[in-house]
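Data first, discussion second: the structure below is written as structure tokens.
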Amino acid sequence: MGRLIPMSNKTVEDLVSRSNRLGADKRNTNFAGGNTSAKGTEKDPVTGEDVELLWVKGSGGDLGTLKAANLAVLRLDRLNALKNVYPGVEREDEMVAAFDYCLHGKGGAAPSIDTAMHGLVDAAHVDHLHPDSGIAIATAVDGEALTTKIFGDKVVWVPWRRPGFQLGLDIAAIKDANPQAVGTILGGHGITAWGATSEEAEANSLWIIDQAEQYIAENGAAEPFGPKLPGYGALPEAERRAKAAALAPVIRGLASTDKPQLGHFSDDAVVLDFLEAAEHPRLGALGTSCPDHFLRTKVKPLILDLPADASVEDSIARLHELHAGYREDYQAYYSRHADADSPALRGADPAIVLVPGVGMFSFGANKQTARVAGEFYINAINVMRGAEAISTYAPIEESEKFRIEYWALEEAKLARLPKPKSHATRIALVTGAASGIGKAIATRLAAEGACVVIADLNLENAEKVAEELGGPDVAIGVQADVTDEAQVAAAIDAAVLAFGGVDLVVNNAGLSISKPLLETTEKDWDLQHNVMAKGSFLVAKAAAKVMIAQGLGGDIIYISSKNSVFAGPNNIAYSATKADQAHQVRLLAAELGEHGIRVNGINPDGVVRGSGIFAGGWGAKRAAVYGVDEEKLGEYYAQRTLLKREVLPEHVANAAAVLTSNELSHTTGLHIPVDAGVAAAFLR
């Protein structure tokens with residue numbers, strides 16, 4: 001019996017390579033934006049005969065990282081036959097479900113709304129892209145005339161139409177009527193190009209992009225955004241980032257009024273230059289145009305209307321006023337266009353907040369979404385610059401934006417998203433997180449959907465752990481000596497600028513000096529208390545300030561110890577400090593409860609394996625105290641417990657995850673023992 005499924009297909013290989021090249025350059029298209037396709041043949045495993053197929057980027061894929069598995073695979077004969085049952089533009093959404101009846105085999109990825117554009121156009125290879133230069137032409141008030149002027153008859157103007165089956169029919173008809181054409185400018189949207197070979201399609205796409213760029217560069221106005229506004233220029237970098245860190249928690253809290261969001265900060269020169277120019281309020285109010293842009297950025301941003309040197313206090317007060325107005329405006333936008341069949345309003349908070357002299361804060365359900373929203377708004381600024389340089393920026397009508405944003409198909413796509421994990425949208429900072437208990441907690445929180453800041457004395461190790469957890473969209477590493485208030489503040493600022501704020505802090509950093517009273521020096525005592533008592537106080541204070549500014553509640557966790565309540569031999573400095581930490585839990589729980597901040601503790605014991613403290617000499621000293629070999633210390637600790645089980649860092653991490661989940665949303669001031677049962681340390 002012959003092989004049913006071919007091992008490889010040159011058409012598919014060429015398509016993936018072309019897609020990756022096009023998607024790797026942001027000049028060509030934005031993240032997850034646009035789509036590419038190829039038509040070719042494969043053996044039908046049932047009949048053994050050649051069958052004509054379409055391979056096209058599936059829904060939700062990204063060209064830059066596209067793989068064969070991300071392609072939808074459809075039978076061309078069946079796809080073309082859909083023209084015979086097409087019920088008309090008023091019911092074109094029904095055709096998306098019909099694509100499923102055209103799939104070949106298991107079909108690969110889910111077909112996107114743009115499948116018709118690729119399948120119905122009589123060309124072996126088709127690219128649909130969102131280049132800034134192409135969209136600039138597409139959003140110019142005289143875009144049709146500019147298209148002819150720039151490209152002659154090689155590129156044809158297509159008036160705005162929402163993506164769908166009818167747009168595919170329109171482009172197919174245009175290609176048939178214009179055999180000399182290599183592509184189109186899609187009004188308000190982007191470009192589509194084609195070719196007989198993969199190389200030809202790619203060359204045509206790049207030619208359209210290059211021609212548009214060249215025309216804008218050679219004919220554009222010197223100041224497309226108008227003259228510079230006095231006082232609106234970029235602040236010096238250190239001052240800019242300090243102000244961003246001060247504003248970020250407040251802005252995140254405002255952007256999370258309807259539901260919690262993660263944030264991203266950018267002080268890209270494109271943003272700062274835009275906000276310095278006189279026309280930025282007018283252009284910002286017009287909003288974005290390309291569907292990919294405003295689906296990510298919302299219809300328009302919230303722009304602070306104060307100069308760069310406005311105080312943090314004045315900026316915060318004005319942001320609150322502007323946010324209230326933004327929500328009213330968005331509700332009115334929804335009410336103007338919604339009908340009985342429209343999906344419910346998804347939230348009236350901004351996804352993009354612009355602060356002159358400082359930069360852009362973008363928001364989303366996860367860090368990647370927040371970051372990409374910001375990247376899309378930079379695309380939008382570039383589009384506006386190009387359109388204003390050669391014409392007047394004229395995005396699609398507000399009613400059309402609503403038809404995209406509150407499209408039933410878009411709602412269905414959102415409904416298919418997986419259920420959020422327990423710690424999704426939460427930002428955690430864990431001290432001493434490059435090893436042992438801290439690393440285990442950071443790993444568990446990241447697995448539960450949190451973004452995590454790995455704070456540790458050893459920056460290299462912290463950055464290594466952050467990379468292991470998934471890199472900057474999941475975790476970052478920062479150096480922090482918790483005894484130094486400035487370093488603690490810098491670590492909190494890093495969390496705020498990376499993810500938008502702080503929701504959860506774990507005071508885990510520590511060391512242990514095992515000596516009897518008469519051998520414990522003043523230096524020993526001060527070091528032990530500085531790291532764990534003072535350090536926990538400094539971290540909790542800095543984190544609480546951010547949590548209060550956000551208005552979203554929060555969690556502070558202290559990794560205390562069984563020794564906070566148990567009097568053992570030869571560790572006066574360590575145990576006294578742990579008792580200090582334990583009482584900080586109770587004190588802060590009482591003080592911070594009015595802000596919705598929960599403060600709880602965990603009392604581990606005998607965590608030998610993976611522990612930095614035990615590896616650093618504490619283990620050898622405790623083993624000597626108990627008269628056992630150091631490598632047997634974990635087993636010794638286990639045997640003295642009620643459960644006779646060894647405690648591992650992961651067990652402490654389990655407690656941290658549960659304590660900071662919604663399952664214990666009404667619990668504060670609690671200490672959880674994670675010691676396998678030490679009766680002498682029972683809490684009373």
*Heavy-atom side-chain proximity of V453 to V430 below 4.5 angstrom*: no
*What pair of heavy atoms forms the shortest contact from T257 to L254, and how long is it?*
OG1-O, 2.7 Å
_Side-chain donor or acceptor of T668 paired with backbone N/O of V599 under 3.5 Å_ = yes
*Specify the closest pair of heavy atoms between L235 and A308, including all atoms of both residues, with the distance to one decimal.*
CD1-O, 3.6 Å
*Do T520 and D524 have side-chain atoms, one donor and one acceptor, less than 3.5 Å apart?*
no
*Is there a side chain to side chain donor-acceptor pair (under 3.5 Å) between D481 and T483 once you walk through the steps?*
CA-CA 5 Å; D481 178 350; T483 70; 2.7 Å; yes
*asked:* Which heavy atom of P604 sits nearest to which heavy atom of I559, and what is that distance?
replied: CG-CG2, 3.9 Å
*Flag the pair R346 and D258 as a salt bridge only when some basic side-chain nitrogen lies within less than 4.0 angstrom of an acidic carboxylate oxygen.*
no
*Compare all side-chain heavy atoms of V250 with those of L247 and state whether any distance is below 4.5 angstrom.*
no
*Ion pair present between K298 and D349, side-chain N to carboxylate O less than 4.0 angstrom?*
no
*Can we say E468 and K439 salt-bridge, meaning some charged N sits less than 4.0 Å from an Asp/Glu carboxylate O?*
yes
_Pairs where residues 535-546 contributes a residue and the test side chain to side chain donor-acceptor pair (under 3.5 Å) is met, not counting sequence neighbours_ = S536-Q581
*Close side-chain approach of N563 and N603, heavy atoms under 4.5 Å*: no
*Should the heavy atoms of other residues, nucleotides or ligands under 6.0 Å from CD of E631 be counted, would the total exceed 12?*
yes
*Should D580 and T577 be marked as a side chain to side chain donor-acceptor pair (under 3.5 Å) after you check the CA-CA gap, both sets of side-chain angles, and the distance that decides it?*
CA-CA 5 Å; D580 185 316; T577 309; over 6 Å; no
_Charged N-O contact under 4.0 Å between K367 and D473_ = no
*Just do the side-chain contact (heavy atoms from CB on, under 4.5 Å) check on I672 and L670 with the steps written out, would you?*
CA-CA 6 Å; I672 294 184; L670 173 70; 3.6 Å; yes
_Note, V505 side chain near I557 side chain (heavy atom, < 4.5 Å)_ = no
*Without swapping roles, check the side chain of K644 against the backbone of T641 for a donor-acceptor pair under 3.5 Å.*
yes
*Yes or no on side-chain contact (heavy atoms from CB on, under 4.5 Å) for V539 and T431, after CA distance, side-chain angles and deciding distance?*
CA-CA 9 Å; V539 171; T431 65; 4.1 Å; yes
*From L592 CG over to I548 CD1, what is the distance, rounded to the nearest 0.5 angstrom?*
6.0 Å
*Without swapping roles, check the side chain of D629 against the backbone of K632 for a donor-acceptor pair under 3.5 Å.*
no
*Just grab all the side chain to side chain donor-acceptor pair (under 3.5 Å) pairs involving residues 647-663, residues at least two apart or on different chains.*
H423-T660, R444-N654
*Does Q550 reach the main-chain N or O of V502 with its side chain, forming a donor-acceptor pair under 3.5 Å?*
yes
*Hey, does the Lys NZ or Arg CZ of R640 hover above the aromatic six-ring of Y626, less than 6.0 Å from the centre and inside 45° of the axis?*
yes
_Salt bridge or not between R252 and D503? Use side-chain N to carboxylate O under 4.0 Å._
yes
*Apply side-chain contact (heavy atoms from CB on, under 4.5 Å) to the pair D605 and V647, showing each step before the final yes or no.*
CA-CA 7 Å; D605 184 48; V647 182; 5.9 Å; no
*asked:* Set out, in order, the CA-CA distance, both residues' side-chain angles and the distance that settles side-chain contact (heavy atoms from CB on, under 4.5 Å) for V372 and E375, then state yes or no.
replied: CA-CA 5 Å; V372 169; E375 292 174 1; 4.2 Å; yes
*Could you tell me the separation between the CD1 atom of I251 and the OG atom of S315, rounded to the nearest 0.5 Å?*
8.5 Å
*Any donor-acceptor pair under 3.5 Å from K515 side chain to N571 backbone*: no
*Without swapping roles, check the side chain of H323 against the backbone of L319 for a donor-acceptor pair under 3.5 Å.*
no
_Donor-acceptor under 3.5 Å (S564 side chain, S561 main chain)_ = yes
*asked:* If you compare all heavy atoms of L272 against all heavy atoms of G357, which two are closest, and at what distance to 0.1 Å?
replied: CD2-C, 3.8 Å
*asked:* Just so I know, are the side chains of M360 and D268 near enough to count as touching, which here means a heavy-atom distance under 4.5 Å?
replied: no
*Measure the CD1-CE distance between I556 and M547 for me, rounded to the nearest 0.5 Å.*
5.0 Å
*Ring geometry between Y334 and Y406 (parallel below 30°, tilted from 30 to 60°, perpendicular above 60°)*: perpendicular
*asked:* Could you check whether K243 pairs with E239 (Lys NZ or Arg NE/NH1/NH2 to Asp/Glu carboxylate O, under 4.0 Å)?
replied: no
*Can you tell me how far the OH atom of Y558 sits from the CG atom of N508, to the nearest 0.5 Å?*
13.0 Å
*Within the side chain of N600, is there an N or O that forms a donor-acceptor pair under 3.5 Å with the backbone of G669?*
yes
_Between I454 and V478, is there a side-chain heavy-atom distance shorter than 4.5 Å?_
no
*asked:* With rounding to the nearest 0.5 angstrom, report the CG to CZ distance, L302 to R327.
replied: 11.5 Å
*Measure the OG-CG distance between S575 and N570 for me, rounded to the nearest 0.5 Å.*
10.0 Å
_Heavy-atom closest pair, residues P350 and F363_ = O-CD1, 4.4 Å
*Ignoring hydrogens and angles, tell me if any N or O in the side chain of Q528 forms a donor-acceptor pair with the backbone of I513 under 3.5 Å.*
yes
*For the pair E448 and S422, evaluate side chain to side chain donor-acceptor pair (under 3.5 Å) and give the outcome as yes or no after the intermediate values.*
CA-CA 6 Å; E448 297 294 346; S422 64; 3.0 Å; yes
*asked:* Restricting to salt bridge (charged side-chain N to carboxylate O under 4.0 Å, His left out), what partner residues turn up for R318, sequence neighbours left out?
replied: D305, E321
*Non-hydrogen atoms of Q479 and L457 that approach each other most closely*: NE2-O, 3.0 Å
_Over 60° means perpendicular and under 30° means parallel, so tell me whether Y330 and Y333 are parallel, tilted or perpendicular._
tilted
*If you count the non-hydrogen atoms of other residues, nucleotides and ligands that lie under 6.0 Å from CZ in R645, is the total more than 12?*
no
*Is any side-chain heavy atom of V496 closer than 4.5 Å to a side-chain heavy atom of P249?*
yes
*Got more than 12 heavy atoms from elsewhere within 6.0 Å of CD, E410?*
yes
*asked:* Can you tell whether the side chains of D675 and K562 come within less than 4.0 Å, N to carboxylate O?
replied: no
*Do M532 and Y574 have side chains that get closer than 4.5 Å, going by heavy atoms?*
yes
*Without swapping roles, check the side chain of S560 against the backbone of K578 for a donor-acceptor pair under 3.5 Å.*
yes
